[in-house]
Amino acid sequence: MKIARPARIRAEVEVPPDKSISHRALLFNAIADGMATIEQILDSEDVRSTARCLRALGVPVDWPEGSSVARVTGQGLHGLFESEEVLDCGNSGTTMRLLLGLLAGHPLLSVLTGDSSLRSRPMARVIAPLREMGATILARRGDTVAPVVIKGGDLRGIRYESPVASAQVKSAILLAGLYADGATTVREPSRSRDHTERLLAAMGASISVDGPSVTVWPADRLAAQSMRVPGDISSAAPWMVLAACHPDAEVSLRGVNVNPTRTGLLDILQAMGADIEMLEQREVGGEPVADIVVRSSRLRGTTVSGSLVPRAIDELPLVALAGCFADGVTVVRDASELRVKESDRIRAVVEILGRMGAEIEERDDGFEVRGTGALRGTRVHARGDHRIGMLGAIAGSLADEETDVLDDAVAVSYRQFWEHLGSVVNTVTA
Ligand code: S3P
């Protein structure tokens, strides 16, 4: 897709539903008692991967093509069937890692795989703790990457010190903990997103949070939880950064989830001096939600590190872009997790923004950008990584001359992205 910078932006965007919450709504209701209706579920390739795997495990998921309402008939904690097929998780790390946690509690043999990106992403981080709990797991390359074979069974509760702040790792262990013989505790270096804790508590699980530690106790049953999924702050992020960096812009974003474990980008942009207004704070599906207005801003460089990193992990590529339009230097560190996302996002950000003329340097655990206030359009390859595809498109909307984004994969999380960009900037061509 080709894109050029518009002179002026005045737009309102209905942000798509949250991806993390949509996955969890399907997965947790699959093992609940009763039927759940999930309204405003995210219809994206990743969430469809979760639905497909659950159906293969015998869970009725009624979710017609193009629909934003899914009905899940819960099978109870022990009601999954052994799948005849390999479970294909597509591009979705959340699907694979959370399913492994869930399957650890079932005495079934399952084989999980995914696309070439997912087959190269680290799985030892969930395999090690789930084995410690008692599941039998084998995987390729010394039990580190998919395809993964799992046979679950009787589990014991553990205390696990996770070396990474990862909600996927935490969630896999907590799900397995529902099936263990005693309490299971996961402690993270700093807090990752807490959608699992919120939803499991709402479904009646015994779960407690103590700073960076979460403990779950074995469950007899989960109650089905019908819900409405709030808007995804990670899909609002491209519009926030576009509006803050463009010289004549105002963008309103409706119904954005502002769960404090997810709002790192808002804090970062505010520290950079961005003009951001939060309106109509309310609650949707057990999560805080607000409307957000972002206007053209004079930005200054900032440093992002430590506990801020997991709170903005999927938005850090866009922080690099904001850094290109800020005065001074923007530094992102402690973010080596970016190297094991759908692509190596440190390398991708540095190469793409570098080709567009940014003064950006790669570090082992992040990058440093010196703001120049300008980029020039060119052809960029997004490597089949949806977040990098959106980064390229937004960079193109701020650059001099035309940008051509190839292999963007935006449908993984945001099917209508190009359509929305077309209406925001009016300068998109196929
Ligand atoms: C997710 C957690 C994050 C995030 C991913 C979705 C989730 O990954 O990057 O896009 O839904 O739990 P990690 O938990 O592995 O950091």
Side-chain angles (χ1 to χ4, degrees), residues 16-28 41-42 44-47 49-50 89-102 114 117-118 120-129 145-146 160 162-175 186 188-200 212 214 229-230 232-238 257 259 261-265 287 307-319 332 334-346 348-349 365 385-391 409-410 412-414:
D18 190 273
K19 179 155 80 73
S20 292
I21 298 172
S22 298
H23 282 298
R24 287 159 174 79
L26 292 176
L27 286 162
F28 302 178
I41 188 168
L42 176 67
S44 79
E45 287 172 4
D46 264 15
V47 183
S49 292
T50 290
C89 304
N91 189 242
S92 175
T94 308
T95 306
M96 184 169 284
R97 296 197 178 107
L98 270 60
L99 257 185
L100 284 169
L102 202 122
S117 155
L118 187 56
S120 70
R121 295 180 63 189
M123 291 300 144
R125 53 180 59 196
V126 286
I127 292 175
V145 292
Y160 191 70
S162 178
V164 285
S166 160
Q168 295 180 359
V169 171
K170 173 177 65 179
S171 302
I173 299 169
L174 294 175
L175 284 171
V186 189
E188 302 184 273
S190 62
R191 281 214 84 183
S192 61
R193 62 193 67 189
D194 68 354
H195 308 302
T196 292
E197 295 88 308
R198 285 173 187 252
L199 187 50
L200 285 181
V214 185
V229 180
D232 196 328
I233 194 164
S234 297
S235 300
N257 178 215
N259 175 321
T261 61
R262 296 286 299 280
T263 48
L265 180 68
E287 296 267 350
S307 60
L308 195 46
V309 168
R311 294 180 54 238
I313 189 71
D314 294 335
E315 290 69 72
L316 294 176
L318 289 161
V319 172
V332 171
D334 302 331
S336 45
E337 272 298 295
L338 288 178
R339 294 207 182 269
V340 293
K341 295 296 178 185
E342 286 82 331
S343 69
D344 176 344
R345 288 183 179 161
I346 294 179
V349 163
D365 64 345
D385 181 336
H386 56 130
R387 303 269 176 230
I388 299 301
M390 290 187 259
L391 170 75
V410 296
V412 161
S413 62
Y414 196 160

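Numbering starts at 1 and runs along the sequence shown. In this text the structure is predicted, and so the values were computed from the model without any measurement. Counting convention: from 1, in listed order, for ligands and their atoms alike.
- Once rounded to the nearest 0.5 Å, the distance linking CG of Leu175 with CZ of Arg24 reads 8.5 Å.
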Apply side chain to side chain contact (heavy atoms under 4.5 Å, CB included) to residues Val214 and Thr196 and explain how you reach the verdict.
CA-CA 10 Å; Val214 185; Thr196 292; over 6 Å; no
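- Within 4.0 Å of ligand 1, contacts by protein heavy atoms are made from Ser20, Arg24, Thr94, Ser166, Ala167, Gln168, Arg193, Ile313, Asp314, Lys341.
- Under the ring-ring contact (aromatic ring centres under 6.0 Å, His included) criterion, Phe28 pairs with no residue, sequence neighbours left out.
- Between Arg193 and Asp18 there is no salt bridge, since no side-chain N of the basic residue sits under 4.0 Å from a carboxylate O of the acidic one.
- When all heavy atoms of Val47 and Leu42 are compared, the pair lying nearest together is CB-O, 3.4 Å.
- Ion pairing of Arg262 with Glu287 is absent here, as no side-chain N (NZ or NE/NH1/NH2) approaches a carboxylate O to less than 4.0 Å.
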